[in-house]
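Written out below as structure tokens is the structure these notes cover.
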Amino acid sequence: MTATVNVTVLADLLRRAAKAEILPRFRRLGQDEVRAKSEATDLVTEADEQAERMIKAEAERLWPGALFVGEESVAAEPDLLGRLADADLAIVVDPVDGTFNFAAGIPAFGVMASVISGGETVAGIIYDPMGDDWVMAEKGGGAWLRRPDGEARRLRAAEPVALDQMVGMASTGYLPQEKRAEILGNLAKVRFLTNYRCAAHEYRTLAGGHVHYLMYNKLMPWDHLAGTLISQEAGAHAARFDGSPYLPHHLDGGLLVAPDEASWEVLRREVVTI
């Protein structure tokens, strides 16, 4: 039990929503069920909206005192974001992370939720509908891969390596235009760079010890709160570009995740030159 929210119950709710509202629509979306929001690559689908509607209704029934902040709820009511900093208890949900992939029929998307108590993230859940498992963490309890049959395996971040051997992901599309070319050039110093267009799977990959860094500039709480806590509980070091902790109300300042603080400092100095 975390801050009056039973994380196991919340994890099961994400799974039920995925099975009821997301998976039946995968590769079956009609043209009228996909719409652009801020730009052509920023999409919302009927699966996003219906899954969030189901999760919200059930969350409000189970935890009536909690503030519910969902990506699609905020699209309709932007003032919700401002309430997150002062909420005693909040549940933050991304009903379909990786909507671009989902709409394109690419099986790399996830359902994410985090629990906020007293201004800090105390639990994070990333459910993979295709693999039917969760990566999850409660503050101080480690990061775990859990399956519906009860199997659980503790996750560990990768061992540190030299900069030229680092493999990881960087989301460069939201970098400041005047710095983008410089940082893209700096990324030639690492061994390998990729991007899944899905923070859910990128955080899962890092927490599982398969990559050495993640880098983001745009910070929306539903995209990063769960994954940051899970990464930290797997032993990784995460902070904004200026070295300060990433908190639930932060919407900018960038985010860099690495296996340890020394690796983080190298990446910050050599790559993220903002």
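All values below come from the heavy atoms of this structure, side chains included, with hydrogens, waters and symmetry mates left out.
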Residue of the set R154, R147, R153 for which salt bridge (charged side-chain N to carboxylate O under 4.0 Å, His left out) holds with E151: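 The residue from R154, R147, R153 that satisfies salt bridge (charged side-chain N to carboxylate O under 4.0 Å, His left out) with E151 turns out to be R147.
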Ring-ring centroid check Y216 Y203, cutoff 6.0 Å: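 Ring centres of Y203 and Y216 closer than 6.0 Å.
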Ignoring hydrogens, what is the shortest heavy-atom contact between [X] and [Y]? Give both atom names and the distance.
{"X": "L81", "Y": "P221", "result": "CD2-CG, 3.6 Å"}
{"X": "K189", "Y": "E270", "result": "NZ-O, 2.9 Å"}
{"X": "I126", "Y": "G227", "result": "CD1-CA, 4.1 Å"}
{"X": "A85", "Y": "H249", "result": "CB-CB, 3.6 Å"}
{"X": "I274", "Y": "R268", "result": "O-NH2, 2.7 Å"}
{"X": "L80", "Y": "V69", "result": "O-CG2, 4.3 Å"}

Under 3.5 Å side-chain donor-acceptor pair for D133 and Y127: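 The answer is no; no qualifying pair exists.
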Residue pair T273 / N186, side-chain donor-acceptor N/O under 3.5 Å: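 Judged by distance alone, the side chains do pair up.
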Neighbour count above 12 (heavy atom, 6.0 Å) for R83 CZ: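 No, because the 6.0 Å sphere around CZ of R83 holds 12 heavy atoms or fewer from other groups.
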Reference residue T121; test side chain to side chain contact (heavy atoms under 4.5 Å, CB included); the match among T228, L247, L229: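 So the option named by the test is L229.
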Ion pair check, [X] and [Y], cut-off under 4.0 Å:
{"X": "D164", "Y": "R191", "value": "no"}
{"X": "R25", "Y": "E21", "value": "yes"}
{"X": "E71", "Y": "K37", "value": "yes"}

Chi angles and distances behind the ring-ring contact (aromatic ring centres under 6.0 Å, His included) call for F100, F109: CA-CA 9 Å; F100 181 90; F109 53 91; over 10 Å; no
Evaluation steps, side-chain contact (heavy atoms from CB on, under 4.5 Å), between V135 and W144: CA-CA 6 Å; V135 165; W144 297 84; over 6 Å; no
